[in-house]
Undergrad: 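Have a look at this one before I ask anything.
All values reported here derive from a predicted model rather than from experimental measurement.
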Amino acid sequence: MNWDVLFDFSPLVDQFGPIVRAFWSTIRLSATSGLLALALGTVLAAMRVSPTPMLRAGGTAYVNTLRNTPLTLVLLFCSLGLSDTLKIKLSGDTTVNFYWLAVFGLSAYTASFVCEALRSGINTVPLGQAEAARAIGLTFTQSLRMVILPQAFRTVIAPLGSIAIALIKNTTVVLVASYLEAASLMKDMFEQYGATLPIFLGFAIGFMILTLPTGFLFGWAAKRWAVVR
């Protein structure tokens, strides 16, 4: 066994610049997808608690479908279905086009989990508050926006943090949407230099640098803005 190759750190030094750029691509992908997933998940949660049966049915169908579909299939649909079959081009630049396809796939998938987390937060708001909002003349949308959702968001900060961490790790499968980020570069380095321990540890530490502060931030926010019942 060639132990010198297994513990060779030179590939990390040689590829330091590309590694930094790859992790920056991961950060941009995670941040954009997270914001879109939060917006879409909020809309879906509102649909799921809506008094309109059609909206409830639509929200339920979306969430059940996306939550039970592998992320790889969702990204393949965005890459092959939207781009290749339907010829939907979001940019003339191929890299930018694949970036937005990956964003749409990740955000559509993650929004279903955001919806369920937020819906659980809505269920923790005392029913009397919603009834009081209706008693003073607020519509369903107004009571949801001004009374229920602010409390629900504060209740589910910690679960949203877990979803954000899962989103960062889920970026490792966007290769199927033809967008290159950290995991894609690690695969290329494995093929070029071999599956060495330093490459694995280097990328593992890189993802820990992204996920650990995210967990600490959401944990602090959950304690800082916790709803006192």
Undergrad: Find out whether the Lys NZ or Arg CZ of Arg134 is both under 6.0 angstrom from the six-membered ring centre of Phe140 and within 45° of the ring's axis.
TA: no
Undergrad: Indicate if Ile157 and Phe216 have the same hydrophobic cluster label, given that clusters are the connected sets of ILVMFWY residues with side-chain heavy-atom separations under 4.5 angstrom.
TA: no
Undergrad: Say whether Val96 and Leu106 are linked into one hydrophobic cluster, either directly or through other cluster members, by side-chain heavy-atom distances under 4.5 angstrom.
TA: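 Yes, one cluster joins them.
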Undergrad: Check whether any side-chain N or O of Gln151 sits under 3.5 Å from a backbone N or O of Val147 as a donor-acceptor pair, and report yes or no.
TA: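 Flag set: sc Gln151 to bb Val147 pair under 3.5 Å.
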Undergrad: State, to 0.1 Å, how close Tyr62 and Ala108 come at their nearest heavy-atom pair, and which atoms those are.
TA: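 Taking Tyr62 first and Ala108 second, the nearest heavy atoms are OH-O, 2.9 Å.
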Undergrad: Salt bridge (charged side-chain N to carboxylate O under 4.0 Å, His left out): which pairs involve residues 201-219, sequence neighbours left out?
TA: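 Qualifying pairs: none.
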Undergrad: Of the options Leu66, Val63, Thr110, which is the one that meets Cys115 in a side-chain contact (heavy atoms from CB on, under 4.5 Å)?
TA: Val63
Undergrad: Decide yes or no on side chain to side chain contact (heavy atoms under 4.5 Å, CB included) for Tyr99 and Thr32, but give the supporting numbers first.
TA: CA-CA 10 Å; Tyr99 168 77; Thr32 307; 2.8 Å; yes
Undergrad: What I'd like to find out is whether the side chain of Phe203 reaches to under 4.5 Å of the side chain of Ile19, using heavy atoms alone.
TA: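 They are in contact (side-chain heavy atoms under 4.5 Å apart), so the answer is yes.
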Undergrad: What distance do Lys169 atom NZ and Phe207 atom CZ have between them, rounded to the nearest 0.5 Å?
TA: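 The NZ atom of Lys169 sits 10.5 Å away from the CZ atom of Phe207.
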Undergrad: Would you say Leu201 ends up clustered with Leu210 if hydrophobic residues are merged whenever their side chains have heavy atoms under 4.5 Å apart, either directly or through other cluster members?
TA: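 The answer is yes; both residues are in one hydrophobic cluster.
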Undergrad: Between Ser120 and Val156, what is the shortest heavy-atom contact and its length?
TA: OG-CG1, 4.0 Å
Undergrad: Stepwise, does the side chain to side chain contact (heavy atoms under 4.5 Å, CB included) test hold for Phe77 with Val74?
TA: CA-CA 5 Å; Phe77 172 77; Val74 176; 5.8 Å; no
Undergrad: Tell me whether Ile136 is reachable from Met146 by hopping between hydrophobic residues (I, L, V, M, F, W, Y) whose side-chain heavy atoms are closer than 4.5 Å.
TA: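 They do share one cluster, since a chain of ILVMFWY contacts under 4.5 Å joins Met146 to Ile136.
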Undergrad: Measure the spacing between CZ of Phe113 and CG of Leu118 and express it to the nearest 0.5 Å.
TA: 15.0 Å
Undergrad: Given Met186 and Ile199, is the side chain to side chain contact (heavy atoms under 4.5 Å, CB included) satisfied, shown in steps?
TA: CA-CA 7 Å; Met186 184 179 74; Ile199 294 177; 4.0 Å; yes
Undergrad: Report, one line per pair, each donor and acceptor closer than 3.5 Å where one atom sits in a side chain of residues 33-55; sequence neighbours left out.
TA:
| residue | atom | partner | partner atom | Å |
| --- | --- | --- | --- | --- |
| Ser33 | OG | Leu29 | O | 2.8 |
| Thr42 | OG1 | Leu38 | O | 2.7 |
| Arg48 | NE | Thr60 | OG1 | 3.3 |
| Arg48 | NH1 | Glu116 | OE1 | 3.3 |
| Arg48 | NH1 | Glu116 | OE2 | 2.6 |
| Arg48 | NH2 | Thr60 | OG1 | 3.3 |
| Ser50 | OG | Thr52 | N | 3.1 |

Undergrad: Using 0.5 Å steps for rounding, measure from the CG atom of Leu167 to the OG1 atom of Thr211.
TA: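 Rounded to the nearest 0.5 Å, the CG-OG1 separation comes to 12.0 Å.
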Undergrad: What are the two closest heavy atoms between Ala164 and Phe218, and how far apart are they?
TA: CB-CE1, 4.1 Å
Undergrad: Let me confirm one number: the CG-CD1 distance from Leu212 to Ile205, rounded to the nearest 0.5 Å.
TA: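 Between atom CG of Leu212 and atom CD1 of Ile205 there are 11.0 Å.
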Undergrad: Can you tell me if Ser30 uses its side chain to pair, donor with acceptor, with the backbone of Ile27 under 3.5 Å?
TA: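 Not at all, since once roles are kept as given, no pair shorter than 3.5 Å links the two residues.
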Undergrad: Would the distance check show the side chain of Ser25 and the main-chain N or O of Arg21 forming a donor-acceptor pair, the cut-off being under 3.5 Å?
TA: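 Checked: pair present.
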Undergrad: Can you name the closest pair of heavy atoms from Gly105 and Leu71 and give their distance?
TA: O-CD1, 4.3 Å
Undergrad: How about Phe23 and Ile209: do any of their side-chain heavy atoms sit closer than 4.5 Å?
TA: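 Phe23 does not reach Ile209 side chain to side chain.
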Undergrad: Closest approach of Leu160 and Phe153, non-hydrogen atoms and distance?
TA: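 Where Leu160 meets Phe153 most closely, the heavy atoms are CD1-CD2, 4.2 Å.
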Undergrad: For a quick test of reading the model, state the closest non-hydrogen atom pair linking Ala152 to Gly121 and the distance between them.
TA: CB-C, 3.6 Å
Undergrad: As a quick check of understanding, evaluate side chain to side chain contact (heavy atoms under 4.5 Å, CB included) for Val125 and Thr155, giving each step before the final call.
TA: CA-CA 9 Å; Val125 179; Thr155 303; 5.8 Å; no
Undergrad: Can a donor-acceptor pair be found between the side chains of Thr69 and Tyr109 at a distance below 3.5 Å?
TA: no
Undergrad: When rounded to the nearest 0.5 angstrom, what distance separates CG in Leu138 from CG in Leu144?
TA: 11.0 Å
